[in-house]
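Below is one structure, written out as structure tokens; comments come after it.
Given the structure is predicted, the values throughout are model-derived calculations rather than measurements. What's counted below: heavy atoms across the whole structure, side chains too, no hydrogens, waters or symmetry copies.
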Amino acid sequence: MTARDIAVLPTDQLEDYAPVKKLGPDALEIAADEFAGNALMTRGSVKDALLDQKVVAGIGNAYADEILFEARLSPFVKVKDAGEDGVDQV
């Protein structure tokens, strides 16, 4: 399946659909400690963690920028350098 493919599924079958299984928790439903745990297991920047759909699903570039602005974090800061306090701000 490519990014251009479309699948129409009954809602009760969505969770069993392979591309959906790969997604992380929904951005509107994830708890702060769950996001921190997922993000701290990644390598790269905090922005990369926000954009990684396996860490948290549903955050795009514009929202990632706004989240980092509100948290007063540079998009270039590494997750390991931000530490738990920096990730908790997000």
Side-chain angles (χ1 to χ4, degrees):
M1 175 158 280
T2 67
R4 294 183 183 182
D5 291 336
I6 296 175
V8 179
L9 303 167
T11 55
D12 63 334
Q13 294 179 12
L14 277 176
E15 304 240 346
D16 296 327
Y17 185 54
V20 173
K21 281 185 177 182
K22 296 177 186 177
L23 294 176
D26 188 280
L28 296 175
E29 298 173 2
I30 190 170
D33 59 337
E34 185 179 6
F35 170 73
N38 291 352
L40 289 169
M41 291 190 306
T42 65
R43 295 169 54 172
S45 70
V46 177
K47 183 171 181 178
D48 290 339
L50 284 169
L51 294 175
D52 186 341
Q53 298 300 297
K54 294 175 188 161
V55 172
V56 59
I59 296 180
N61 192 52
Y63 283 120
D65 288 342
E66 291 297 321
I67 291 166
L68 292 170
F69 177 79
E70 289 294 322
R72 302 292 189 246
L73 282 175
S74 165
F76 305 108
V77 69
K78 302 286 185 196
V79 171
K80 66 178 178 129
D81 295 336
E84 284 188 48
D85 291 336
V87 174
D88 285 342
Q89 287 179 303
V90 172

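Looking at Glu70, its side chain never comes within 3.5 Å of a backbone N or O of Val90 through a donor-acceptor pair. Using a distance-only test at 3.5 Å, with no hydrogens or angles considered, no donor-acceptor pair links the side chain of Glu29 to the main chain of Ala27. Put simply, the side chain of Gln53 never gets that close to the backbone of Gly24: no donor and acceptor are under 3.5 Å apart.
Both Tyr63 and Val87 are members of a single hydrophobic cluster when ILVMFWY side chains are connected at heavy-atom separations under 4.5 Å. Criterion: ILVMFWY side-chain heavy atoms under 4.5 Å apart, direct or through other members. Under it, Val56 and Leu40 are part of a common hydrophobic cluster.
By the 4.0 Å N-to-carboxylate-O rule, Asp65 lies close enough to Lys47 to be salt-bridged with it.
If you check the side chains of Lys54 and Asn38, you find no donor sitting under 3.5 Å from an acceptor.
Considering all non-hydrogen atoms of both residues, Leu23 and Ala57 come closest at CB-CB, 4.1 Å. Of all the heavy atoms in Ala39 and Val79, the pair that sits closest is O-CG1, 3.3 Å. Across Leu51 and Asn61, no two heavy atoms sit closer than the pair CD2-N, 3.6 Å.
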Practice problem: List the steps and the verdict of side-chain contact (heavy atoms from CB on, under 4.5 Å) for Leu50 and Val55. | Solution: CA-CA 7 Å; Leu50 284 169; Val55 172; over 6 Å; no
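Atom CG in Asp81 sits 11.5 Å away from atom CG in Leu73 (nearest 0.5 Å). Gln89 contributes atom CD, which lies 10.5 Å from atom CG of Leu68 (distance to the nearest 0.5 angstrom).
By the 6.0 Å contact criterion, CD on Glu15 is open, its count of non-hydrogen atoms from other residues, nucleotides or ligands being 12 or less.
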